[in-house]
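Every chain is numbered from 1, with letters handed out A, B, ... down the list of sequences.
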Amino acid sequence: MGAQKDKYSRTLNLPKTDFPMRANLSEREPQIIGRWEEMDIYRLICESSADRPTYILHDGPPYANEYIHAGTAMNKVLKDFVIKYQTMKGMRAPYLPGWDCHGLPIEHKVVSELGEKAKEMSTPQIRRLCREHAQKYVDIQKEQFRRLGVFGKWDEPYLTMNKDYEATVISAFKEVVKKGYVYRTLKPVYWCTSCETALAEAEVEYAHLESYSIFLRFEVVEGLDELRKETGLPIYFTVWTTTPWTLPANLAIAVNPNFKYIALRASFKGQEGVYILAMEMLEDPLPKMELSVQGEVATFKGSELEGVVARHPFYDRPSPLVLADHVSREQGTGCVHTAPGHGQEDYLTGVRYGLPILTPVDNRGCFTAEAEGFEGRYVFDADPDIVKLLDEKGRLLSSETVSHSYPHCWRCKNPIIFRATEQWFISVENLDLRKRALTAVGETEWIPRWGEARIEGMLQSRPDWCISRQRHWGVPIPVFICQDCGRAVLSEQTVGHFQELVAGHGVDVWYEREAEELLPEGFKCPECKGGAFSKGGDILDVWFESGSSHLAVLTEENHLRWPADLYLEGSDQHRGWFQLSLLVSLCVKDAAPFRKVVTHGFMLDGEGRAMSKSRGNVISPEEIEEKYGADILRLWVTSEDYREDISLSFDLLEQVAEAYRRIRNTIRFMLGNLSDFDPLKDALPFERMEELDRYILLLFKDLKRKVLSAYERMEFHQIYHAVHNFCAVHLSAFYLNTIKDRLYIYAPDDERRRSAQSAIALMLVDLLRMLAPILVFTTEEAYGHLPEALLRKESIHLEEMVQVDTFEDEELRVRWEKLMRVRQEANIVLEELRQTGEVGNSQDAHLRLYADGPMKEFLTKNLEHIKDITVVSDVLVEEGEGVSPVRQVEFDDGTVRVTAEKAGGEKCARCWMWSSRVGSDRNHPQVCERCSEVLSEIGK
RNA sequence: GGGCCUAUAGCUCAGCUGUGGUUAGAGCGCACGCCUGAUAAGCGUGAGGUCACUGGUUCAACUCCAGUUAGGCCCA
């Protein structure tokens with residue numbers, strides 16, 4: 001029997017291809033990358049697109065201090081989709097990737113690794129190590145990005161630590177200085193009194209510390225006259241603090257405008273008075289204070305207290321009542337001691353009320369002469385004396401010690417303080433910068449749309465931009481301090497001179513030369529005409545550097561164009577790169593650097609939780625490439641809507657891998673059936689194709705339209721769903737399944753067969769082209785297996801994007817949709833028959849259709865089509881009701897009843913259809929009349 | 001604590017938006033079966049959802065409004 005089977009199998013046109021079913025991507029992808037490198041694919045793309053209109057996606061530089069994670073990979077892959085799509089669509093879409101190289105994390109890492117040695121090293125030495133560190137991770141990440149199949153100018157990426165880039169940053173800074181945005185003022189920063197240095201937030205560690213916890217009273221000297229008249233008593237605000245040493249710097253008391261405050265008649269040490277505190281805060285502080293309360297005398301809304309003036313507890317100066325939203329119900333009395341020189345929130349409150357930023361504390365943490373009575377004392381040591389002084393003056397209501405979490409220095413582990421120091425700022429009000437930014441935001445296209453509201457809100461409420469940092473690894477702020485008058489000199493002229501030096505030597509020159517060598521010859525202090533200067537020690541906020549990337553990168557020398565068509569980053573960049581690029585751009589060029597900004601969400605695990613090392617739910621790109629392949633990673637990116645947060649887990653990858661296999665197998669089957677197809681000689685035009693082939697091409701045309709529109713809107717998940725659905729439902733389960741008979745049974749050259757092959761060829765080439773930006777490796781591999789005449793380019797990535805076909809046939813569409821509904825019912829009926837065990841394949845069955853009048857006529861006319869798409873041995877049409885089991889389909893013009901039964905006759909050994917005429921050919925007694933004819937045609 | 005966002009079958013997505021109104025759709029997965037001429041493939045059928053929760057508007061809400069819960073980003 002096996003021999004018999006083989007005998008006829010050999011006469012069939014079964015699929016044949018070298019394109020493997022198993023992808024084995026982890027091995028094949030690196031080989032494909034090798035081939036791309038050999039042919040220098042990116043250069044080929046650039047050359048072939050040189051004359052086309054330009055599309056600029058400006059790459060946001062990732063930070064060069066880690067291996068990439070899945071989120072970084074997703075970002076790059078999304079950009080690659082856009083670049084590859086735009087390229088195929090006919091644009092010149094160059095991709096110049098970049099890296100952010102300066103900044104604290106690298107400096108932090110380098111200094112930590114050095115340990116104690118760091119203290120003996122010079123700034124240039126540390127900077128050199130930082131540079132090496134950054135370069136190392138640039139190289140590592142570069143390889144990781146290439147492994148993902150991302151094309152770009154990897155040989156010459158832009159690095160924020162390159163000389164040219166640094167020169168551009170200084171040049172942008174010069175513009176900003178020239179236009180008057182930059183000013184200098186005091187601002188509190190974390191300060192380590194033992195290291196005598198400012199600390200960044202990331203350098204602060206929290207640890208327990210024993211502190212005082214005291215309540216004190218501030219006597220009202222102005223305002224609340226009615227209350228005073230009514231009671232004839234002194235009025236006090238009650239205040240809580242754990243840092244008595246900041247009291248010499250007290251300049252105000254802050255209350256929450258929305259809280260209710262209550263005034264209580266109470267006596268303290270025998271003296272009567274009125275004490276004010278927040279209504280909500282009675283329970284905690286009251287028992288602690290040694291007050292005997294007699295009753296409520298008044299209540300106020302917080303906002304009513306603005307303008308009241310109290311007296312400083314031990315200095316002869318006012319401490320006005322101010323309003324601040326940050327005043328909380330957590331602890332204290334709802335009346336907050338405010339020292340603008342010693343706290344971030346106090347500072348902002350102070351700025352709002354025009355209070356001085358008083359900081360009577362020097363670098364070593366000792367009081368200056370401004371803290372009268374405490375000059376020279378170390379702040380933490382002075383605490384007991386201040387408490388004592390308060391007690392003596394009768395201001396102290398209670399005192400105890402508490403252990404609480406307090407910031408400490410990451411290096412020396414000592415408690416740190418908040419201390420106002422001179423910092424540089426860019427004013428967002430200068431030249432209406434804030435307003436212009438808001439206008440520019442309105443003129444930019446934000447995807448998703450809510451991005452606009454988000455960045456708008458941030459711009460509306462943002463304070464001036466503090467651009468100075470007390471670090472080493474970055475671009476120095478070229479400030480010169482006059483040795484004679486102490487003035488900080490920063491002008492267009494000095495910055496301009498420095499910029500020229502940077503263009504030749506990089507910013508390292510700042511650390512290698514003396515101040516005089518960095519200034520124009522004979523430069524004199526504009527204030528006092530002195531000629532001796534020292535260098536300022538601050539660097540620029542790295543956001544100013546990355547915010548200048550559009551200026552450094554989108555240049556003619558790079559064959560790019562300013563502004564960019566697109567920025568595409570995570571939604572955290574509304575505050576970061578988008579906003580600060582916009583501000584730099586408006587300062588320098590008075591326009592936004594982007595036309596459209598797209599954001600993606602964040603990487604979550606399968607349970608929708610953030611990925612973190614501590615949770616242990618991190619999946620690395622390498623792991624995915626190793627287990628599944630970069631194409632699976634890329635396909636996973638398309639499987640979810642990136643505008644929201646997207647999940648990554650092995651379950652999800654498994655699901656995507658499954659979809660991939662379906663797509664790959666569909667491609668493989670199509671390739672296999674084109675093994676003997678020469679499109680130049682065998683292809684049929686649409687009009688001459690079989691109806692079924694025309695029908696599937698019309699459905700495929702719909703798919704193309706959908707896919708192209710999804711690419712345009714950057715809704716890649718629509719592509720994934722549409723293509724996968726088409727491959728699984730329309731191609732695999734329906735079209736390819738039903739045309740197997742035609743492909744296998746007829747003579748190779750039979751027009752009916754060539755018609756199917758023509759349709760397959762059209763769809764296959766287009767399927768590969770529309771998937772090329774996503775499945776970069778698989779489509780390339782499959783492209784190489786196409787019949788030669790279909791191979792138009794050296795690589796599929798040099799191909800053009802598909803276009804929506806011009807052919808159409810509305811009548812055929814409508815008619816075939818009806819036939820498909822009959823097919824749906826036939827499947828159910830056939831399944832029922834199969835359950836009885838009478839038949840296996842649909843080929844073992846006959847379909848019997850019942851209909852009357854025009855419906856019957858319709859069915860009779862389309863009998864062959866119905867037979868084809870249901871893959872039964874025969875279809876019979878009759879009038880009447882039919883017998884059970886029967887299914888019914890209602891149409892506008894009639895009803896069709898469908899039933900099935902076991903086929904009569906005998907099963908043909910070649911085509912497996914049942915026929916009453918099996919055996920009529922003496923040479924082939926097991927074969928039906930159709931196969932007998934084919935066999936004689938092919939000479940068997 | 002504030003701003004912005006998300007929440008539809010086990011999973012990934014449609015539908016909902018400035019136009020509320022038939023039994024809320026698809027694919028995957030799953031279950032059961034078929035095939036063995038796409039074979040570490042292929043085909044068929046089927047079971048899965050009180051559209052996060054609560055309240056409101058309305059004759060009518062997955063769809064509009066308010067709040068709650070959970071999660072995310074950015075701040076504090």
Open item on the list: At under 4.0 Å between heavy atoms, how does the protein contact nucleotides 66-74 of chain B? Give one character per nucleotide, 5' to 3', with B, S or -.
Closed with: -----SSBS
Check [Y] with [X], please: is the shortest side-chain N to carboxylate O separation under 4.0 Å?
X: A/Asp693; Y: A/Arg742; result: yes
X: A/Glu712; Y: A/Arg705; result: no
X: A/Lys867; Y: A/Asp741; result: no

Is the distance between the ring centroids of [X] and [Y] under 6.0 Å?
X: A/Tyr642; Y: A/His600; result: no
X: A/Phe418; Y: A/Tyr190; result: yes
X: A/Trp577; Y: A/Tyr567; result: yes

Using the [atom1] atom in both, what is the distance from [N] to [M], to the nearest Å?
N: B/rG56; M: B/rA14; atom1: P; result: 31 Å
N: B/rG27; M: B/rA9; atom1: C1'; result: 12 Å
N: B/rU36; M: B/rC43; atom1: P; result: 15 Å
N: B/rG49; M: B/rC65; atom1: C1'; result: 25 Å
N: B/rC32; M: B/rA38; atom1: C1'; result: 23 Å
N: B/rG44; M: B/rC28; atom1: P; result: 9 Å
N: B/rU12; M: B/rU6; atom1: C1'; result: 16 Å
N: B/rG25; M: B/rG2; atom1: C1'; result: 39 Å

TODO: Could you check A/Leu830 against A/Thr666 and say which one's nearest nucleotide on RNA chain B is further toward the 5' end?
DONE: A/Thr666
Task: 5'-most by nearest nucleotide on RNA chain B - A/Glu644 or A/Arg910 - done: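 Of the two residues, A/Glu644 wins.
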Rounded to the Å, how far apart are [X] [atom1] and [N] [atom2]?
X: A/Phe726; N: B/rA26; atom1: CZ; atom2: C1'; result: 15 Å
X: A/Asn256; N: B/rG2; atom1: CG; atom2: P; result: 12 Å
X: A/Arg887; N: B/rU45; atom1: CZ; atom2: P; result: 10 Å
X: A/Ile646; N: B/rC13; atom1: CD1; atom2: C1'; result: 13 Å
X: A/Ile663; N: B/rU12; atom1: CD1; atom2: C1'; result: 13 Å
X: A/Phe734; N: B/rG27; atom1: CZ; atom2: P; result: 15 Å
X: A/Asp641; N: B/rU12; atom1: CG; atom2: P; result: 12 Å
X: A/His717; N: B/rG27; atom1: NE2; atom2: C1'; result: 14 Å

Identify whether any heavy atom of [X] sits under 4.0 Å from a base atom; if not, whether one sits that close to sugar-phosphate; answer base, sugar-phosphate or nothing.
X: A/Val871; value: nothing
X: A/His721; value: base
X: A/Ala453; value: nothing
X: A/Gly457; value: nothing

TODO: Show your reasoning for whether side chain to side chain donor-acceptor pair (under 3.5 Å) applies to A/Thr778 and A/Asp631.
DONE: CA-CA 7 Å; A/Thr778 304; A/Asp631 264 357; 2.6 Å; yes
Given [options], the nucleotide with the shortest approach to the side chain of [X]:
X: A/Tyr744; options: B/rG44, B/rG37, B/rG27; value: B/rG37
X: A/Gln655; options: B/rC13, B/rC28, B/rU45; value: B/rC28
X: A/Asn665; options: B/rG46, B/rG37, B/rA38; value: B/rA38
X: A/Asn725; options: B/rA41, B/rA14, B/rG27; value: B/rG27
X: A/Arg834; options: B/rC34, B/rA14, B/rG37; value: B/rC34
X: A/Glu345; options: B/rA76, B/rC43, B/rU36; value: B/rA76
X: A/Arg643; options: B/rU12, B/rC35, B/rA14; value: B/rA14

For residues 714-728 of chain A, please give each side-chain donor-acceptor pair under 3.5 Å, one per line with the distance, not counting sequence neighbours.
{"from": "A/Glu715", "atom 1": "OE1", "to": "A/Arg713", "atom 2": "NH1", "distance (Å)": "2.9"}
{"from": "A/Glu715", "atom 1": "OE2", "to": "A/Arg643", "atom 2": "NH1", "distance (Å)": "3.1"}

Reckon [X] has a side-chain N or O less than 4.0 Å from the OP1 or OP2 of [N]?
X: A/Ser732; N: B/rC43; result: yes
X: A/Arg668; N: B/rA40; result: no
X: A/Arg662; N: B/rC43; result: yes
X: A/Gln835; N: B/rG46; result: no
X: A/Lys740; N: B/rA38; result: yes

Open item on the list: Can you tell me whether the base of B/rG33 sits syn or anti, using the 90° cut around 0 to define syn?
Closed with: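 Glycosidic conformation of B/rG33: anti.
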Open item on the list: Taking Watson-Crick (N1-N3 plus N6-O4 or O6-N4) and G-U wobble (N1-O2, O6-N3), each under 3.5 Å, can you produce the dot-bracket string of RNA chain B? Use [ ] for crossing pairs and | for inter-strand ones.
Closed with: (((((((..((((.......[...)))).(((((.......))))).....(((((..]....)))))))))))).
Task: Min side-chain heavy-atom separation A/Trp240-A/His337 under 4.5 Å - done: no
TODO: Using a 4.5 Å cut-off on heavy atoms from C-beta on, say whether the side chain of A/Val327 contacts that of A/Val255.
DONE: no
Task: Cation-pi check, A/Lys907 onto A/Trp912 ring (under 6.0 Å, within 45° of axis) - done: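 Verdict for A/Trp912: a cation-pi partner in A/Lys907.
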Open item on the list: Is it the case that over 12 heavy atoms from other parts of the model lie below 6.0 angstrom from the NZ atom of A/Lys16?
Closed with: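 No.
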Task: Ring geometry between A/Phe578 and A/His574 (parallel below 30°, tilted from 30 to 60°, perpendicular above 60°) - done: perpendicular
